[in-house]
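So the structure is just underneath, and the comments pick up after that.
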Amino acid sequence: MSAEIRSHLTELLIRALARVAPEEPATVITLERPKQARHGDFSCPAAMQLARNLKRPPRDIAQALVQALPGSEWLESAEVAGGGFINLRVRPAAKQHAVTTILEKDHAFGRSARGQGQAVMVEFVSANPTGPLHVGHGRQAALGDSIAALLESQGLRVTREFYYNDAGAQIRALALSVQARAREALGLPSQFPEDGYHGEYIAEIAQKYLASDAGSSAGAAHDLEAIRRFAVTELRAEQDRDLQAFGVRFDNHYLESSLYADGRVDATVAALVAAGKTYERDGALWLRTTEYGDDKDRVMRKSDGAYTYFVPDVAYHLTKWERGYRKVINVQGSDHHSTVTRVRIGLQALGRGIPPGYPDYVLHKMVTVMRGGEEVKISKRAGSYLTLRDLIDEAGRDATRFFLVSRKADTEFVFDLDLARSQSDENPVYYVQYAHARVCSVLEQWRARHPEEAASAGALSGADLSALTGAREIALLARLGGYGEMLEEASREQAPHQICFYLRELAADFHSYYNAERILVPEPAPRRARLALAAAVKVVIRNALALIGVGAPEKM
RNA sequence: GCGCCCGUAGCUCAGCUGGAUAGAGUACCUGGCUACGAACCAGGGGGUCAGGGGUUCGAAUCCCUUCGGGCGCGCCA
């Protein structure tokens with residue numbers, strides 16, 4: 001049950017409409033997926049919308065439309081229901097075809113060429129190299145990577161990029177913190193910076209620095225630049241290790257420091273000045289952001305000569321535009337939402353023809369972690385915080401990724417660590433993986449009991465599927481056929497949590513079927529049909545899990 | 001004070017550009033393993049969709065408003 005069926009049925013109704021009410025536009029014909037199975041496969045509410053114009057009761061119009069429907073080999077039935085809905089039911093044969101398609105396309109099933117290879121950049125995580133990745137970065141990594149995978153599945157060419165704020169005051173605070181710890185370790189007088197980083201990892205980095213080639217030379221504890229370089233390298237490497245363990249890879253890392261080195265920051269400032277969007281006041285350089293609806297103008301260059309953070313941000317986003325990305329999605333914590341308008345305004349003020357809504361943002365709320373019924377307090381200043389690594393170590397990569405991507409981005413997230421780490425029926429990720437493992441197990445049994453059949457080419461992909469007519473089989477077929485629509489919508493909405501909900505429903509349909517019916521029946525024809533159905537379930541579960549970076553184990 | 005986001009079952013959450021009797025999971029209750037994996041299934045109770053008003057044939061969904069919560073409002077990032 002695919003997009004073709006949907007558009008076919010829409011076409012049938014449009015033709016019916018042309019006979020019943022030729023003056024009405026075809027756009028009133030829309031199809032929706034009823035929540036309840038007894039309302040059919042598709043439902044059309046057009047008659048209720050037409051009632052006013054046509055001055056006829058909606059049920060009459062619906063009845064007329066049904067009678068005017070052209071014949072179709074895919075359409076099983078069309079009936080008027082409720083206040084004027086037209087409920088359409090699709091013939092089993094049309095639904096059964098999904099299995100054939102799935103087995104043919106295999107890993108490629110669900111992929112669409114709709115995006116036509118358009119280049120899109122997804123920027124996410126972008127943590128400052130001042131400490132390990134925490135739980136919030138984990139949510140962002142899970143979200144960003146899945147959004148990127150979704151866009152890829154729709155035929156876009158995706159670049160995953162990580163932006164390092166490796167210049168500026170925070171990095172200086174990092175270097176000073178490490179230096180202070182290094183001096184302490186050497187028994188030298190030290191003063192810990194006021195805005196320093198207190199985590200234990202700072203002392204560990206100081207120890208490593210002192211043990212390194214650069215750090216063992218005389219006066220190493222004075223060399224702040226060497227300390228900075230060492231600390232940033234260490235922390236980047238650690239972040240990379242954690243992301244790798246999380247199954248997240250980036251195509252590109254972009255360094256803020258390179259924007260200064262390339263002169264792009266200065267060039268951006270010069271361009272804004274040349275565009276007449278700036279003025280000097282109180283020894284600072286201001287951008288007229290109020291011209292673009294901001295509530296006050298913003299400082300670009302402070303009176304001490306340093307740029308505020310949003311200048312390199314604008315320079316950075318200009319490179320995205322110049323690198324040819326007309327579609328850019330930034331995944332960020334909602335605590336940074338004030339930067340959204342400023343970056344956009346900065347790009348506008350350049351007068352380069354960049355659209356006002358550029359770039360796109362997916363903002364996510366914070367994560368609170370519950371352990372033993374209590375909130376795990378996270379405080380970066382105090383240096384006590386739960387890292388992404390802790391989460392992966394405790395709950396495993398699969399559960400962590402599944403959990404973190406399973407909620408809408410803009411809802412507060414309560415991560416129940418006890419639930420995520422429980423290897424029991426309470427854990428939703430195992431529910432889905434279990435369905436996959438069950439199919440694998442059945443297929444293995446089949447190969448053991450019917451080796452000749454299993455060895456013959458096309459035993460499943462060429463199976464006669466006409467036996468798949470039971471209510472649970474029809475429900476499964478419909479679910480499988482809806483995969484493509486789900487992906488399209490999840491991609492359009494940049495909402496990968498929909499994958500999790502789909503997976504749960506698919507697994508539920510399969511478990512229900514599995515418990516009610518036997519797959520390995522003695523008669524070859526229904527056996528092959530049911531095995532083909534099960535194999536299709538396996539393919540779709542595995543493909544969908546791959547999009548959210550979760551494995552599909554054959555045994556558990 | 002201003003801006004953005006949120007408020008749905010005891011708890012955690014879905015609910016698509018407005019559609020039918022608001023759905024899952026979990027918890028609680030009842031049943032199902034000598035049948036391909038019980039990490040499973042079948043069934044049951046559980047709701048003022050925060051409150052109020054409006055638009056509409058139809059509102060959890062859109063608009064206004066009140067209340068409650070989060071985040072932001074810097075010559076920090």
Side-chain angles (χ1 to χ4, degrees), chain A residues 30 32-36 38-39 43-45 47-52 57-58 81-85 87 128 130 165 168-171 195 256 281-286 295-296 298-310 312-313 333-341 363 365-366 370 406-416 419 422-431 433-435 437-446 448-449 485-486 489-490 492-493 495 497-498 500-501 504-505 507-508 510-521 527 530-531 534 555-556:
Chain A
T30 56
E32 44 196 57
R33 299 296 210 129
K35 292 170 194 158
Q36 299 183 48
R38 64 187 183 84
H39 291 143
S43 180
C44 177
M48 291 178 287
Q49 288 160 29
L50 291 166
R52 169 174 289 211
F85 289 97
N87 291 341
N128 295 345
T130 55
N165 289 107
Q170 295 195 12
I171 295 298
D195 53 352
E256 182 191 2
R281 197 182 72 199
D282 304 333
L285 184 68
W286 298 69
D295 50 356
K296 57 179 126 174
R298 304 291 167 179
V299 170
M300 295 169 60
R301 192 179 57 225
K302 300 183 274 182
S303 50
D304 68 2
Y307 294 117
T308 56
Y309 69 94
F310 97 92
D313 269 5
S334 61
D335 54 336
H336 285 81
H337 78 248
S338 64
T339 68
V340 174
T341 32
L363 300 179
K365 298 256 176 128
M366 296 298 109
M370 303 292 286
S406 65
R407 308 272 196 273
K408 266 187 316 195
D410 59 4
T411 57
E412 298 275 348
F413 193 104
V414 180
F415 191 103
D416 186 336
L419 180 59
S422 77
Q423 306 225 342
S424 73
D425 54 351
E426 297 165 26
N427 194 329
V429 69
Y430 297 123
Y431 182 83
Q433 290 184 323
Y434 185 58
R438 260 185 158 173
V439 174
C440 292
S441 176
V442 174
L443 290 171
E444 199 172 318
Q445 291 279 337
W446 173 54
R449 293 186 204 176
E485 282 176 44
M486 182 278 293
E489 184 182 324
R492 189 179 61 242
E493 312 261 319
H497 73 275
Q498 293 184 16
C500 294
F501 283 88
R504 229 216 160 272
E505 285 162 354
F510 177 73
H511 285 311
S512 176
Y513 174 57
Y514 182 89
N515 272 274
E517 310 287 345
R518 203 170 161 72
I519 293 172
L520 293 173
V521 289
R527 177 173 68 230
R530 292 174 189 191
L531 281 162
K555 291 187 191 330
M556 296 172 62

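Remember, it's a predicted structure, so these values are computed and weren't measured experimentally. Each chain gets a letter, A, B and so on, in the order the sequences are listed, and its residues count up from 1.
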Starting at CZ of A:R518, measure out to CZ of A:R530 and round the result to the nearest 0.5 Å. 10.5 Å

What does A:A435 touch in the nucleic acid at a heavy-atom separation under 4.0 angstrom: a base, only the sugar-phosphate, or nothing? nothing

Tell me which nucleotide, if any, is Watson-Crick or G-U wobble paired with B:G58 when both distances must be under 3.5 Å. none

Does the aromatic ring of A:Y514 sit over the six-membered base ring of B:C36, closer than 5.5 Å centre to centre and tilted less than 30°? yes

Choose from B:A14, B:C41, B:A77 the nucleotide whose nearest atom is closest to any side-chain atom of A:N165. B:A77

Mind checking the CE-CZ spacing from A:M300 to A:F310? Nearest 0.5 Å is all I need. 6.0 Å

Using atom P of each nucleotide, how far apart are B:C63 and B:G3 to the nearest Å? 15 Å

If you pin A:T308 and A:K296 to their nearest nucleotides in RNA chain B, which one's is more 5'? A:K296

Given B:C75, B:U12, B:C41, the nucleotide with the shortest approach to the side chain of A:S303: B:C75

Side-chain contact check for A:V414: nearest option of B:C73, B:C13, B:A20 is B:C13

Taking C-beta and beyond as the side chain, do A:D335 and A:L363 meet within less than 4.5 Å on heavy atoms? no

Distance check, C1' atoms only: B:A77 and B:A14, in whole angstrom units. 35 Å

Let me spell it out: for each of A:A169 and A:R492, pick the nucleotide of RNA chain B with the closest heavy atom. Which residue's pick is nearer the 5' end? A:R492

Looking across every strand, which nucleic acid part, if any, lies under 4.0 Å from A:A495 by heavy atom: base, sugar-phosphate, or nothing? nothing

Which nucleotide sits closest to the side chain of A:Q49: B:G19, B:C75, B:C40? B:G19

Contact class for A:H337 (heavy atom, under 4.0 Å): base, sugar-phosphate, or nothing? base

Under 4.0 Å, heavy atoms only, any strand: does A:K555 hit a base, just the sugar-phosphate, or nothing? base

Picking from B:G15, B:C36, B:G32, the nucleotide nearest the side-chain atoms of A:I519 would be B:C36

Checking contacts here: which listed nucleotide (B:C75, B:G15, B:G19) is nearest the side-chain heavy atoms of A:M48? B:G19

Integer angstrom distance from the C1' of B:A60 to that of B:G18: 10 Å

Could you check whether A:S43 gets within reach of a base, just the sugar-phosphate, or nothing at all, counting any heavy atom under 4.0 Å? base

Minimum-distance nucleotide to A:W286 side chain [options: B:G37, B:C75, B:A77]: B:C75

Pick base, sugar-phosphate or nothing for A:R518, based on heavy-atom distances below 4.0 Å to the nucleic acid. base

With rounding to the closest Å, how many angstrom separate the C1' atoms on B:C16 and B:G74? 40 Å

Suppose you measure atom P in B:C49 against the same atom in B:A20; what distance do you get, rounded to whole Å? 15 Å

Are B:A20 and A:H39 stacked, with the base six-membered ring and the side-chain ring centres under 5.5 Å apart and planes under 30°? yes

Report the nucleotide, chosen from B:C13, B:C40, B:C36, that has the shortest atom-to-atom distance to any side-chain atom of A:Q445. B:C36

Students often get this wrong, so: under 4.0 angstrom with heavy atoms, is A:K365 touching a base, only sugar-phosphate, or nothing? base

A:Y307 vs B:C76: side-chain N/O to OP1/OP2 distance below 4.0 Å: no

At less than 3.5 Å, do the side-chain atoms of A:S334 and the base atoms of B:C71 form a donor-acceptor pair? no

Looking across every strand, which nucleic acid part, if any, lies under 4.0 Å from A:E412 by heavy atom: base, sugar-phosphate, or nothing? sugar-phosphate

Which is true for A:R449 with a 4.0 Å heavy-atom rule: it touches a base, it touches only sugar-phosphate, or it touches nothing? sugar-phosphate

At under 4.0 Å, does any side-chain N or O of A:R438 touch on OP1 or OP2 of B:A38? yes

Re B:G3: Watson-Crick or G-U wobble partner, both distances kept under 3.5 Å, found to be B:C71

Under 3.5 Å, is there any donor-acceptor pair linking the side chain of A:D195 to the base of B:A77? no

For a quick check of understanding: with a heavy-atom distance under 4.0 Å over all strands, which category does A:S441 fall into, base, sugar-phosphate or nothing? base

A:E32 side, atom CD; A:C44 side, atom SG - distance, nearest 0.5 Å: 8.0 Å

Look through every strand shown and name the nucleotide pairing with B:U26 as Watson-Crick or G-U wobble, where both distances are under 3.5 Å. B:G10

For A:H497, which contact category applies under a 4.0 Å heavy-atom criterion: base, sugar-phosphate, or nothing? sugar-phosphate

What's the verdict on side-chain contact (heavy atoms from CB on, under 4.5 Å) for A:R527 and A:L520, showing C-alpha distance, side-chain angles and the deciding distance? CA-CA 6 Å; A:R527 177 173 68 230; A:L520 293 173; 4.2 Å; yes

With respect to the side chain of A:Y434, which nucleotide from B:A77, B:G37, B:C41 is positioned closest? B:G37

Mind checking the C1' distance from B:A59 to B:U8? Whole angstroms is fine. 14 Å

Find the partner of B:A77: check Watson-Crick (N1-N3 plus N6-O4 or O6-N4) and G-U wobble (N1-O2, O6-N3) distances, both under 3.5 Å, and reply none if neither fits. none

Check the geometry between A:F85 and B:A20 and answer yes if their rings are stacked (centres below 5.5 Å, planes below 30°), otherwise no. yes

Going by the angle between their ring planes, with limits at 30° and 60°, are A:H497 and A:F501 parallel, tilted or perpendicular? perpendicular

Take atom NZ of A:K408 and atom C1' of B:C16, then tell me their distance rounded to the nearest Å. 11 Å

Reckon A:E256 touches a base, only the sugar-phosphate, or nothing at all at heavy-atom distances under 4.0 Å? nothing

Please classify the nucleic acid contact of A:D313 as base, sugar-phosphate, or nothing, using heavy-atom distances under 4.0 Å. nothing

Taking every heavy atom of A:A508 against every heavy atom of A:Y431, the minimum-distance pair comes out as CA-OH, 3.0 Å

Would you mind reporting whether A:Y514 and A:V442 have side-chain heavy atoms less than 4.5 Å apart? yes

Is any side-chain heavy atom of A:S303 closer than 4.5 Å to a side-chain heavy atom of A:D282? no

